[in-house]
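A, B, ... follow the sequence lines: proteins, then strands. Residue 1 opens every chain. The structure displayed is predicted, hence computed values, not measured ones.
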Amino acid sequence: MNAEQIADILDDMGTLLEIRGENPFRCRAYHNAASSLKSVTGNLATMVADGTLTEIPGIGASMMTKIAQLATSGQCTEYEALKVELPTGLLDLMRVPGLGAKKIKVLRDTLNITSVADLRKAATENLIADIKGFGAKTQTKILEGLDFLDTAGTRMLQHTARKIVTPILKAVSEHPDVIRSSLCGSLRRRAETIGDLDILVSTNHPQQFLADMAARPEVVQIIAHGDTKLSVRLNQGAQCDIRAVTDAQFPFALNYFTGSKLHNIAMRKRAIARGLKLSEYGLESDDGTATVCRDEADIYKALGLDYIPPELREDTGEFALSEAGAIPKLIETQDLTGCFHNHTDWSDGDHTLEQMAEAAMTKGWKYLGISDHSRAAAYAGGLSIEKVQEQWAKIDKLNESYGGKFRIYKGIECDILTDGSLDYPDEVLAGFDFVVASIHSGFGLDHDAQTSRLIKAVENRYVTMLGHPTGRLLLARAGYPVDLDAVISACARTGTMIEINASPYRLDLDTPHCRLAAQRGVMISINPDAHAIYGLDDVEYGVGLARRAGLSADQVLNTFDDQKVSELLNSKRDRT
DNA sequence: GCCGTTTTCGGCCCGACTGTTTTCAGTCG
């Protein structure tokens with residue numbers, strides 16, 4: 001069982017304990033441990049064996065015992081006992097808006113409700129309104145919540161969230177009563193997937209502003225509407241929270257509503273340690289003296305910290321960096337000089353070589369790396385060796401026509417076959433400027449076989465970079481089982497780069513492994529995997545992920561000038 | 001259950017909104 005699966009079980013255990021009515025701090029300890037475990041990149045088995053797991057914050061002796069059991073056998077005595085006592089259908093009830101552990105416990109104790117189906121039946125039969133502490137409105141809310149769960153997914157991709165929030169943000173910023181406004185929450189932190197949309201404004205007329213927002217056409221349901229906070233459901237099913245504060249409060253509120261939750265807790269604890277109290281409204285000392293902060297940077301400064309960019313605010317080491325004055329200068333989209341891993345109509349792309357190159361030039365880029373599919377990817381129009389040579393000739397011609405002002409790099413997205421060999425012989429691979437090696441088949445191999453397959457592939461001297469290393473599709477498909485830690489080590493050893501596949505559907509590498517790879521000296525390439533000219537814009541999502549991983553421009557291949565990029569592309573084959 | 005730059009015991013972030021209550025508990029972020 002891997003770290004992520006174990007983290008999910010610890011989360012479930014924490015929730016079941018809440019429903020049982022345990023000490024809330026003990027319950028939270030399980031959630032904290034789960035959260036820590038999710039950012040672990042090292043080999044879990046090793047950490048269990050040598051006891052280093054307890055060095056991770058939030059994991060003590062007791063948690064380690066449970067994690068060790070789960071890691072080796074996939075089971076844990078206490079979890080099994082909990083599942084017997086409390087049906088796991090109760091966990092699904094936590095997803096119903098308005099229901100928490102306390103209410104779920106009451107529902108189970110009074111009506112023996114232990115599943116979503118039980119709940120719907122009881123609410124439909126009007127049994128819930130009579131329970132002490134509940135009522136008609138709560139019952140209606142539960143039914144609405146159940147309908148919502150039926151129709152909407154729980155999280156959305158970043159580009160979906162952006163599409164929904166952009167017109168609202170525009171309306172907010174143009175509202176006459178608004179002084180400052182900003183996107184907050186996980187979208188501002190550029191998290192891989194988004195739960196809801198958060199918008200903050202400063203204004204002197206909060207009630208009027210919130211009333212205007214509540215009346216907007218895309219609002220289909222008001223979830224909560226107070227003097228400073230409005231929570232609505234939009235017609236696409238997404239929840240949007242809008243908060244209004246005074247302009248003096250704005251930086252504090254911006255910091256607070258950007259999160260993450262763990263980052264906020266660390267911030268408040270830091271304030272307490274300095275005899276201060278931090279909230280979304282200000283920073284005060286015990287005697288009530290307020291510290292004036294004009295922007296977020298002032299808040300960090302007041303707590304003895306350098307500014308921490310939103311993408312790093314996950315409490316995964318950013319405080320130590322900030323204290324040490326070592327927050328890196330994070331990569332920005334303007335740093336990109338071009339990009340690799342793009343498809344054309346030679347395989348399954350929509351646009352021609354010329355159109356793709358022109359789109360890249362329009363973005364101010366100096367080069368574009370084309371990598372259509374290799375022959376094994378027949379479903380995607382993979383290129384035969386003859387076609388490859390034909391494309392090379394075409395690219396040579398185009399490059400000549402650009403007169404040195406722009407360059408197309410000849411590449412291929414070469415399938416890694418089941419045995420770890422590549423889809424073309426080395427003599428053909430040698431003719432490309434770069435080779436992206438990816439898995440598109442054989443997802444069913446077991447953990448060890450998949451790991452050796454990938455390691456064998458990156459050991460090929462012509463493989464420049466590894467493409468979408470886990471094959472995951474966000475919210476749709478988990479990655480294949482693989483020891484990424486070992487694969488990253490193999491890349492570091494062989495001088496193979498790894499791509500951040502910047503497609504918002506993939507974002508593969510994930511953040512913790514991207515950080516790990518960079519720390520081990522692996523060069524990262526931010527690749528849009530574009531299948532059309534507009535797909536080139538997806539580099540933006542890759543930049544977001546790179547920033548979350550703490551990468552600066554010099555750790556990313558496609559920020560260098562054309563000459564340096566060529567050198568880097570050749571460095572692996574030149575050294576072997 | 002975890003943790004220690006005042007603590008190995010006694011804390012553990014904190015405020016808005018809602019619905020059900022007669023002053024507050026639960027949920028949410």
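The side-chain contact (heavy atoms from CB on, under 4.5 Å) with L262(A) is formed by just one residue from the set S35(A), P57(A), S36(A); it is S35(A).
Using modelled atom types and a 3.5 Å distance limit, the side chains of Q239(A) and S231(A) yield a donor-acceptor pair. For T166(A) and K170(A), the side-chain atoms include no donor-acceptor pair closer than 3.5 Å. Residues R189(A) and T258(A) bring no donor and acceptor atom of their side chains to less than 3.5 Å of each other. Judged by distance alone, the side chains of D508(A) and T470(A) do bring a donor and an acceptor atom under 3.5 Å apart. Remark: the D295(A) side chain and the Y307(A) side chain contain no N/O donor-acceptor pair separated by less than 3.5 Å.
Between the CD atom of Q249(A) and the P atom of dG15(B) there is a distance of 12 Å, rounded to whole Å.
Base-pair partner of dT8(B): not found among the strands shown (Watson-Crick or G-U wobble, both distances under 3.5 Å).
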Classify every nucleotide of nucleotides 1-12 of chain B by which part a protein heavy atom approaches to under 4.0 Å, writing B for the base, S for the sugar-phosphate alone and - for neither, in 5'-to-3' order.
-> BSS--------B

Distance-only check: which donor-acceptor pairs under 3.5 Å involve side-chain atoms of residues 3-12 of chain A, not counting sequence neighbours?
from, atom 1, to, atom 2, distance (Å)
Q5(A), OE1, N2(A), N, 2.8
D11(A), OD1, H31(A), ND1, 2.8
D11(A), OD2, K38(A), NZ, 3.3

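Ring planes of H263(A) and F319(A): parallel class, angle under 30° (limits at 30 and 60°).
Where K137(A) and L210(A) meet DNA chain B, the nucleotide closest to each residue was compared, and L210(A) sits on the side nearer the 5' end.
As judged by a 4.0 angstrom heavy-atom cut-off over every strand, N264(A) is placed among residues making no nucleic acid contact. Among the atoms of the strands shown, only primed sugar atoms or phosphate atoms (P, OP1, OP2) are found under 4.0 Å from some heavy atom of A136(A).
Between T138(A) and dT20(B) there is a side-chain polar atom (N or O) within less than 4.0 angstrom of OP1 or OP2. For K141(A), no side-chain nitrogen or oxygen approaches OP1 or OP2 of dG26(B) to under 4.0 Å.
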What nitrogen or oxygen pairs link the protein and nucleotides 27-29 of chain B at under 3.5 Å?
from, atom 1, to, atom 2, distance (Å)
dT27(B), OP1, G100(A), N, 2.7
dT27(B), OP1, G100(A), O, 3.0
dT27(B), OP1, K103(A), N, 2.8
dT27(B), OP2, K102(A), N, 3.3
dC28(B), OP1, G98(A), N, 2.6
dC28(B), OP2, L99(A), O, 3.3
dG29(B), N2, Y256(A), OH, 2.8

